[in-house]
Amino acid sequence: MDPLIVTVAPVGAELTPGQTPHLAVTPEQLGEVAFTCREAGAALIHVHCRNDDGTNTHEVARFKQAYDAIRARSDLIVQFSTGGAIGMTPQERAAVLQLRPEMATLTCGTVNFGDEVFENSFPIMRGILAAMNEYGVRPELEIFDKGHLSNARILEREGLLSFPQHVDFVLGVPGGLEADARNLCDLVGYLPAGCTWSVAGIGRMQLPMATMAIAMGGHVRVGLEDNIYYSKGRLARNDELVARIVRIAAELGRPVATPDRAREILGLNRRAPG
Ligand code: KMH
Ligand code: ZN
């Protein structure tokens, strides 16, 4: 097995500062999270941004500040969200790609998201992919349901996407596929040849899904975007969630990848300076 790539998703779009004191709001706080999570063993950071008052933003200027703050404090692979928050326009979601992060997410289909709908029609996906191709940004395919892999194959047939790719299974969103072992095995078996994959289990399923992925040869995403608790009733810091995965992986004989080793595994070019 390759060394384990640990992604940290520290912010998300749905959390509020009232839910946890550990939500990074300012670019400086995000830079600090990048530093502590890199120290703990993370290789990749999935980025959403907040205004100073904690509200969600997808402003290009704020992403630039966040990008610079992360770069100043770490060598993590930087992956921007193009999912943004429910209700954002596709243009808002894609605009951050002009900053040319090494990676960005591409959610591969519409999904119920609690009582709301996270809209990713084919025109939206095509638009985001076109911008990724224009700016040379590598996608990470976000798969909330099995049909999302079918959608990705359609985008491949249209010539917008080529396999293999890096895929992240986001399991346990109310409205998406449940987080359980059977579903994870099914999804992995359905992947096009040569793909790498990680799993992001939502809520209390973050830890069991991550542990399964470590044993199966996949990779792991943890962080407050998906789960704010370390254990029942005890709020987590992002670096604690990373450190726990690193310890479990060590027990299972799986060393973690540095960011540069992760770049090799994912087929990314070495990061451009700045
Ligand atoms: N906030 C969710 C609606 C992504 O980052 O690409 C979408 C999301 C996915 O977080
Ligand atoms: Zn996200």
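When a ligand or atom number is given, it counts from 1 through the structure's own listing order. All residue numbers in this chain count up from 1 along the given sequence.
- The number of heavy-atom neighbours closer than 6.0 Å to CD of Glu59, taken from other residues, nucleotides and ligands shown, is 12 or below.
- Side-chain contact of Thr258 with Asp260: a donor-acceptor pair under 3.5 Å is absent, judged by distance alone.
- For ligand 1, the 4.0 Å heavy-atom shell contains residues Ala13, Glu14, His46, His48, Ser81, Gly83, Gly84, Ile86, Thr105, Thr107, Phe113, Phe118, Glu225.
- Within the 6.0 Å centre-distance limit, the rings of Tyr67 and Phe80 are counted as a close aromatic pair.
- A salt bridge links Glu240 with Arg234; the closest basic N to acidic carboxylate O contact falls under 4.0 Å.
- Arg73 and Glu39 are not joined by a salt bridge, as no carboxylate oxygen comes within less than 4.0 angstrom of a charged side-chain nitrogen.
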Practice prompt. Begin with the C-alpha distance, continue with both residues' side-chain angles, and end with the deciding distance and a verdict on side chain to side chain contact (heavy atoms under 4.5 Å, CB included) for Val220 and Leu4.
Written response: CA-CA 7 Å; Val220 169; Leu4 180 72; 4.0 Å; yes
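- Under a 4.0 Å N-O distance rule, the pair Asp52/Arg62 qualifies as a salt bridge.
- Under the 6.0 Å distance and 45° angle rule, Arg204 does not count as a cation-pi partner of Tyr229.
- Smallest separation of non-hydrogen atoms from Gly109 and Asn151: CA-ND2, 3.7 Å.
- Around the Zn ion (ligand 2), the protein atoms of type N, O or S found under 2.8 Å away are His46 NE2, His48 NE2, Glu225 OE2, listed by chain and number.
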